[in-house]
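Hydrogens, waters and symmetry mates are skipped; everything else that's a heavy atom, side chains included, is used.
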Amino acid sequence: MNLSAAPQLLLVVIATSCLCLVQPLSAQKHAKVVKSDSLWPAPWSLTGKGMTVGMFEVGGYAEASHSQFSSKRVILPKLRPHGGTAQHATNVASMLVASGKNGRTAYKGIIHEGRLQSYYVAPDSNEAHMFRRLFAVERWSVSNHSYGHRPGWLWNKDSESWTLQTNSFTPTHKDPFGAYLDNSRIFDSVTYAANYVLPVVAAGNEKWRGPAVGDSAWVSFANGPWQRVQVRASDYWTNGGLNGYDCLASGPCAKNVLTVGALSQHDTLASFSGTGPTNDGRIKPDVVALGQDVLAAGLNGASNGYTVTSGTSFAAPTVAGVAVQLQQLFKRYFTVDPLPSTIKAVITHTARDIGNPGPDYRHGWGVVDALKAARQLELANNDGAFAVNEFRIKQNINQHFYVKAVDANTPIVVTVAWSDPAAKVTEGGAIVDQIYSTSTTPKLVHDLDVWIDWKENNLTYFTKPWILDPTKPHLPATRGTNTRDNVEQVVITNPVPGRIYRVNIVTNTLLTTPEQLYSRCVSGATLYLPTPESVSVATTPTVESKGDETQAFNVNVSWPRVPEAAHYTLRVRRSGTNTWTTYANIQANTRLVNGLDLGSYQFQVRAHRGTTVSAWKTISKTFSITPTTPTNLAATNITPTGVRLSWNGDANASSYRVFFTELDANDKLKGSGWITFNTTSQFLTRANLKQDTKYAWSVQSVYSDDIKSESANTVAFWTTTNCQAYEPNNAIAQAAAIETNRTVTARSCDGDVSDWHSFVVPAQQRNVRVVLYQQPVPVKLALYRLVNGNANLVSESPDNSNDAGFKALVANNLQSGETYYVRFYNQSGPYANGQTYSFRVNTRATAW
């Protein structure tokens, strides 16, 4: 007896004691139910021409010579070491690429002018591993997977009995349904890395499969020996349990695939169709399509047969064909391939809701509507890619945008989807016949959150996305924070016409990569572009000056980005005129405007996307002459914790901007950078500085219209109690230059023989008087001039008395433009270390 669980076709098996199919009452056209046939004629012309879809099967290859697959519509591998042609593969291929010729228009495939690459998955291989290997070579963008392992109850032909591996023979036994296993992880790994392949996976036909009360069955408890038992009413159950939920194999449980359930007639879920939730509570299947009593080309003993068949195997290729149609349309509109999450978002966004309102674990997001999905892409083509778009999001960024409600009866719907990184396998084993423990560990790695908020009467209101409760799978969806799914949808059911709503998209978990790609669909509202919050106009540091010509300013205009804006328009005019200079289609949020004359101007900016335009944001600006850069920067009156900064400024400046910072040992900025001070004077006194610290500073002239000069060259000074570091001027060659007619503070230091200071005699002011205001100890002062390199005494104070107060010397009729030197010294003993003293060199035209 062979009880191994090899891969099986997801086709309802007609056998004793299993779910049987009755003779169909009427054959159904799969394209009609999902409205893909509406996209075949012009102007759509979406027949798959030039497109290729991959098809994976376990029973064999499609019959490429079938009359419905003419013109090399089905492509087989050159080397086919395993498997021949198979009925199931031919049926599935028919759903996709059957031509409908020879009077068989009802059999026409969704992409009947496209091509299909047929692959065979050996029964002893891992189908997801094969998918990954082949994808690296073939590079198709949609693949169909109508196969999978059959977990739960299996009918074994050898024993003619039902078989089950379980932990306990009770309705609460542990099984692999809903599990995220190795092949789930590989599907997610491939799609996340590739970002342009969308696997479409059948949900499976395992629901309600199992023995009846009184039947005998083979059961293996905890992977032990097989035992034959009789099913009792007290512990009877079939796949899907008592309520028909939780019967998905691991392949359909992958996050990034599009899982498809099967409909019978009249929007009714087929009795066999696999249902969710996954063990971690995700919404599966994603969508449903016709899968019962469908028309298909088949073998039937010949290469030109036809059949009516059932199974989620045939719902999946219907949706795969729609995905190819939408890819074809997306490339036509936008000239690039869409992300797989974009096609997934469009399909789920436009699906027709059936069952409970919102998503549910039986129908997912509803019945696929190819026509509505195509119209969503058409709307995006007309509105500047607002209705459908692709984005990148980084950690802790709120990518919000605004919409305006159309009317009260048109719901606002926003759908966000993304290909999520593969999750860790936390349950079960690598093959289906091992014993599994159900793990509810979330499989979502990058959690994006979407919600809508709006303000009313100074209050903020929120609407959150749909969520389901996996512990109560039969209940309708509610609203809340979705932490499970990589498809989220938020709906404003009855919006207020004209109200502005804000849509927010943020990351809710730590991203494992720098950014996450995602896709977005919006319907039921128009884009609202708010007015740019502000506009700033800054002049460049220099202006052009050509003789007597008017000076011309170059100005940089900038503004904050407007959410969803594709480009901006800037216009400029001189105040009081009606002529605008317009700069259109600006991609960045800044623009350099050259050659403005002196005067007053108006600047206006507005945002654009498609036909949507924001209101203008206006700012007025007046340009006058350019301020001159301050000169003669001096740091004086330096104490261990203070300084007086002074400079020669611009007589027309309204203020000055002083930049101040602390330097490290390598003369690099410390801390957060420059500190800015504003003053209307040509000096600034700073206190509370750090001792023994080096500081750098600079200054700008500023005019009343905020036009600024260039910054003066940066200078530095020390605050210190170290005399030598502070004032190493104990020789005439080290004399510290000072300005005349300004009070200077110096410091006396032990060990200094002299303190030397130099000054230049101004023109027409050749009479000098040097005043020493206070002395740390009795100090003598003298005036020198260098002659042939030697210091010649010009004048000195009359004595070196112990008077610590006022002391002065006078020298008249000095040489204009010549440098003279003032010396302070104590002939009788050392200076009082660290004591400061003040002096001033006064000059005037008349003698003292």
Side-chain angles (χ1 to χ4, degrees), residues 152 170-180 203-204 206-208 237-249 252-253 255 258-264 266-288 312 348-349 351-368 411-417 427 438-444 447-452 461-494 508:
T170 68
T172 59
H173 81 289
K174 302 298 183 183
D175 61 61
F177 285 123
Y180 188 90
E206 309 311 313
K207 191 170 63 177
W208 304 131
W237 60 276
T238 55
N239 295 343
L242 300 176
N243 298 315
Y245 290 96
D246 186 21
C247 50
L248 290 174
C253 289
K255 296 176 291 184
L258 189 62
T259 303
V260 183
L263 288 177
S264 63
H266 309 302
D267 284 350
T268 302
L269 191 70
S271 60
F272 52 80
S273 184
T275 52
T278 62
N279 289 346
D280 63 326
R282 284 178 288 115
I283 300 169
K284 290 286 179 176
D286 295 292
V287 288
V288 292
T312 57
T348 55
H349 183 86
R352 180 166 51 85
D353 190 22
I354 61 173
N356 291 334
D360 59 61
Y361 289 127
R362 300 178 74 240
H363 312 92
W365 296 94
V367 184
V368 172
I412 299 174
V413 184
V414 179
T415 303
V416 172
E427 56 188 337
T438 299
S439 170
T440 58
T441 301
K443 302 305 175 188
L444 194 63
D447 183 13
L448 307 187
D449 277 347
V450 56
W451 74 91
I452 297 177
Y461 296 86
F462 299 85
T463 293
K464 293 192 174 183
W466 294 115
I467 58 171
L468 292 173
D469 184 352
T471 66
K472 300 173 182 177
H474 61 289
L475 293 182
T478 57
R479 317 280 185 141
T481 301
N482 189 327
T483 60
R484 300 187 179 99
D485 298 287
N486 58 331
V487 176
E488 292 194 15
Q489 186 180 96
V490 59
V491 179
I492 303 292
T493 306
N494 299 115
N508 194 35

Beyond-backbone contact of Val487 with Gln489, side-chain heavy atoms, under 4.5 angstrom: no

Side-chain donor or acceptor of Thr275 paired with backbone N/O of Gly244 under 3.5 Å: yes

Any side-chain heavy-atom pair of His363 and Asp353 under 4.5 Å: no

Salt bridge flag under 4.0 Å for residues Asp360 and Arg362: no

Atom pair CG (Asp447) and CG (Asn482), whose distance is rounded to the nearest 0.5 Å: 7.0 Å

Thr483 and Leu444, any side-chain heavy atoms less than 4.5 Å apart: no

The single option from Thr268, Val367, Val368 passing side-chain contact (heavy atoms from CB on, under 4.5 Å) against Leu263: Val367

Flag, side chain of Thr312 to backbone of Gly261, donor-acceptor distance under 3.5 Å: no

Shortest non-hydrogen contact from Phe177 toward Ala249: CD2-N, 4.5 Å

Nearest atoms (heavy-atom pairs only) where Gly274 meets Pro285: O-CD, 4.0 Å

Beyond-backbone contact of Tyr180 with Thr441, side-chain heavy atoms, under 4.5 angstrom: no

Considering all heavy atoms, the nearest Glu488-Pro465 contact: OE1-CG, 3.6 Å

Exercise: identify the closest heavy-atom pair between His474 and Tyr245: CA-OH, 3.4 Å

Test item: Lys207 and Leu269 side chains (from C-beta on) under 4.5 Å apart, heavy atoms: yes

From SG (Cys253) to CG (Asp280), nearest 0.5 Å: 8.0 Å

Separation of Arg484 CZ from Arg282 CZ (nearest 0.5 Å): 10.5 Å

Nearest heavy atoms of Val491 and Trp466, plus distance in Å: CG2-NE1, 3.6 Å

Value rounded to 0.5 Å, distance of OH in Tyr361 from CG in Leu468: 4.5 Å

Rounded distance [0.5 Å steps], OG1 in Thr478 versus NZ in Lys472: 10.5 Å

Non-hydrogen atoms of Pro473 and Pro277 that approach each other most closely: CB-CD, 4.1 Å

Identified side-chain contact (heavy atoms from CB on, under 4.5 Å) counterpart of Ile492 within the set Thr463, Val414, Val413: Thr463

Any residue meeting salt bridge (charged side-chain N to carboxylate O under 4.0 Å, His left out) with Asp485, in chain and number order, not counting sequence neighbours: none

